[in-house]
Amino acid sequence: LVASVLPQPIAAESVKTGSIVDCGEVFAGSCFVCGQGGAKRCRGECRWHRDECLDLNEYNARFAKEWRDHWSKFWRNLSGNAEKVLSDNYWPSAVCHGVIMLVFAALYKKQVVEKLPTSRIKEEGSNFDGGARRHGLFSCLRERSTCAYVGFCSPVIAAKNYEVAHIMSFWPSCLLMYLTSLTPFCLLGPCLRTCLSMELKRKLGLETTCVQELALSVCCCPCEVGRESMEVDEAMEVEVRCLNKVTDHHRGFLPSLPPGYCARTCGKS
């Protein structure tokens, strides 16, 4: 019965005692025999791979070996290229980028940070009621100025947040944020930001946890810096827009007037 089903040109040379495989449409003595009929005959218990018909065990073993070899070669090339880039181009690029950010940080401090009313941020969150945060993690994407700032110079924006909240001075925090985010010391960045951000949330009266801050620092640091910047600006009732323009909305409210002021001045008009 089996012999009658086998393809006649290869039946005699293929059948082995106790070794019959299902090629999908016919039976044969081995997957190699099935492969003589081309990829269309290599089905059932066999798999066509690189112009060969293999049984399932050999196919899985060869596929796993090729997969391991491919990724081993990929990581070797990647590590080799990264090592070459770090040795040849990294430090000149890092120095150039650092100089550009230093110039911008100096301008930002003079034009923005020094004009901010830092006294409006009080201890223990007197500006906020400790409820849920008003802004989502990606809210800064809707604010073009904030998005641009954190996209290109998040260490400077983080330093502004810590300076106005009386957590750390601008230049030390700016330097630490740069060294722990854009240099090989980046592994220390999440730990440092977790400590500083927890203190910032305490000043703003926002609930948070160490685990939450660590996760945000690792996975979504620029977005979280932008959200913190928006919350700090709201606490001071200011708006910071490109390029380095500060609008103080607090001044739009009428100041406290002494008794009888209106009666003395309105009659003169």
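Everything quoted here is computed from the prediction, not taken from an experiment.
- By the criterion of side-chain heavy atoms lying less than 4.5 angstrom apart, applied directly or through intervening Ile, Leu, Val, Met, Phe, Trp or Tyr residues, Phe138 is grouped together with Leu216 in one hydrophobic cluster.
- Contact check on Lys201 versus Glu207 returns no salt bridge, with no Lys/Arg side-chain nitrogen under 4.0 Å from an Asp/Glu carboxylate oxygen.
- Here the CZ atom belonging to Arg50 is positioned 10.0 Å from the OH atom belonging to Tyr59, to the nearest 0.5 angstrom.
- Within the 4.5 Å cutoff, the side chain of Leu196 has heavy atoms near those of the Met177 side chain.
- Taking NZ of Lys160 as the start and CD1 of Ile157 as the end, the distance is 6.0 Å to the nearest 0.5 Å.
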ask   = Where do Cys140 and Tyr149 land on the side chain to side chain contact (heavy atoms under 4.5 Å, CB included) test, with the steps shown first?
value = CA-CA 10 Å; Cys140 66; Tyr149 277 133; over 6 Å; no
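- Nearest heavy atoms, Val225 versus Ala158: CG1-N, 3.8 Å.
- Ionic pairing of Lys65 and Asp69 is present here: one or more N-O contacts between side-chain nitrogen and carboxylate oxygen are shorter than 4.0 angstrom.
- The shortest heavy-atom contact between Phe170 and Ala159 is O-CB, 3.6 Å.
- Ion pairing of Arg227 with Glu224 is present here, as a side-chain N (NZ or NE/NH1/NH2) and a carboxylate O approach within less than 4.0 Å.
- Contact record, Val21 with Ser30: CG2-C, 3.6 Å, taken as the closest heavy-atom pair.
- Residues Arg202 and Glu199 share a closest heavy-atom pair of NH2-OE2, 2.6 Å.
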task = Could you walk me through whether Leu176 and Met168 pass side chain to side chain contact (heavy atoms under 4.5 Å, CB included), step by step?
result = CA-CA 11 Å; Leu176 285 174; Met168 184 181 290; 3.9 Å; yes
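- Using cut-offs of 30° and 60° for the angle between ring planes, the His97 and Tyr178 rings count as parallel.
- A donor-acceptor pair under 3.5 Å is absent between the side-chain atoms of Ser169 and the main chain of Pro172, judged by distance alone.
- With Ser217 contributing its side chain and Glu213 its backbone, the two residues share a donor-acceptor pair below 3.5 Å.
- Between Glu143 atom CD and Ser139 atom OG the span is 8.5 Å, to the nearest 0.5 Å.
- The residues Glu58 and Arg62 are annotated as salt-bridged, a charged nitrogen and a carboxylate oxygen being separated by less than 4.0 angstrom.
- Ion pairing between Lys109 and Glu163 fails under the 4.0 Å rule for side-chain N and carboxylate O.
- The only option from Met236, Glu237, Met230 that meets the side-chain contact (heavy atoms from CB on, under 4.5 Å) definition with Asp233 turns out to be Met236.
- In this model, no donor atom of one side chain and acceptor atom of the other lie less than 3.5 Å apart for Ser72 and Arg68.
- The shortest side-chain heavy-atom distance between Val240 and Thr247 does not fall under the 4.5 Å cut-off.
- Looking only at side-chain heavy atoms (C-beta outward), Pro117 and Val238 come within less than 4.5 Å of each other.
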message = If you apply the rule side chain to side chain contact (heavy atoms under 4.5 Å, CB included), what do you find for Leu243 with Tyr108, and how did you get there?
response = CA-CA 9 Å; Leu243 285 168; Tyr108 188 84; over 6 Å; no
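- Not a single donor-acceptor pair under 3.5 Å links the side chain of Ser229 to the backbone N or O of Gly226.
- Taking every heavy atom of both residues into account, Val218 and Pro190 meet most closely at CG2-CB, 3.7 Å.
- Taken as a pair, Cys34 and Cys46 fail the criterion of an SG-SG distance shorter than 2.5 angstrom.
- In this structure, Met101 CE and Leu175 CG are separated by 11.5 Å, a value rounded to the nearest 0.5 Å.
- Side chain of Arg47 to main chain of Gly44: a donor-acceptor pair is present (N/O by atom type, distance under 3.5 Å, no hydrogens or angles).
- Considering CG of Asn161 and OG of Ser154, their distance stands at 10.5 Å, rounded to 0.5 Å.
- Counting non-hydrogen atoms of other residues, nucleotides and ligands closer than 6.0 Å to CZ of Phe32 gives a total of 12 or fewer.
- Looking only at atom types and distance, the side chain of His249 has a donor-acceptor partner in the side chain of Glu239 under 3.5 Å away.
- In this structure the side chain of Cys210 reaches within 4.5 angstrom of the side chain of Met198, judged on heavy atoms.
- Hydrophobic cluster membership is shared by Leu200 and Trp171, with clusters built from Ile, Leu, Val, Met, Phe, Trp and Tyr side chains linked at under 4.5 angstrom.
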Pair Cys31-Cys42, disulfide bond (SG atoms under 2.5 Å apart): steps then yes or no = CA-CA 7 Å; Cys31 290; Cys42 187; 6.0 Å; no
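- Between Glu228 and Arg193, the closest side-chain pair of non-hydrogen atoms falls below 4.5 Å.
- The distance from the SG atom of Cys53 to the CZ atom of Arg41 is 11.0 Å, given to the nearest 0.5 Å.
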task = Mind running salt bridge (Lys or Arg N to Asp or Glu O under 4.0 Å) on Arg134 and Glu234 for me, showing each step along the way?
result = CA-CA 10 Å; Arg134 293 181 54 191; Glu234 284 186 3; 3.2 Å; yes
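- Closest approach of Leu214 and Thr194 over heavy atoms only: CA-OG1, 3.3 Å.
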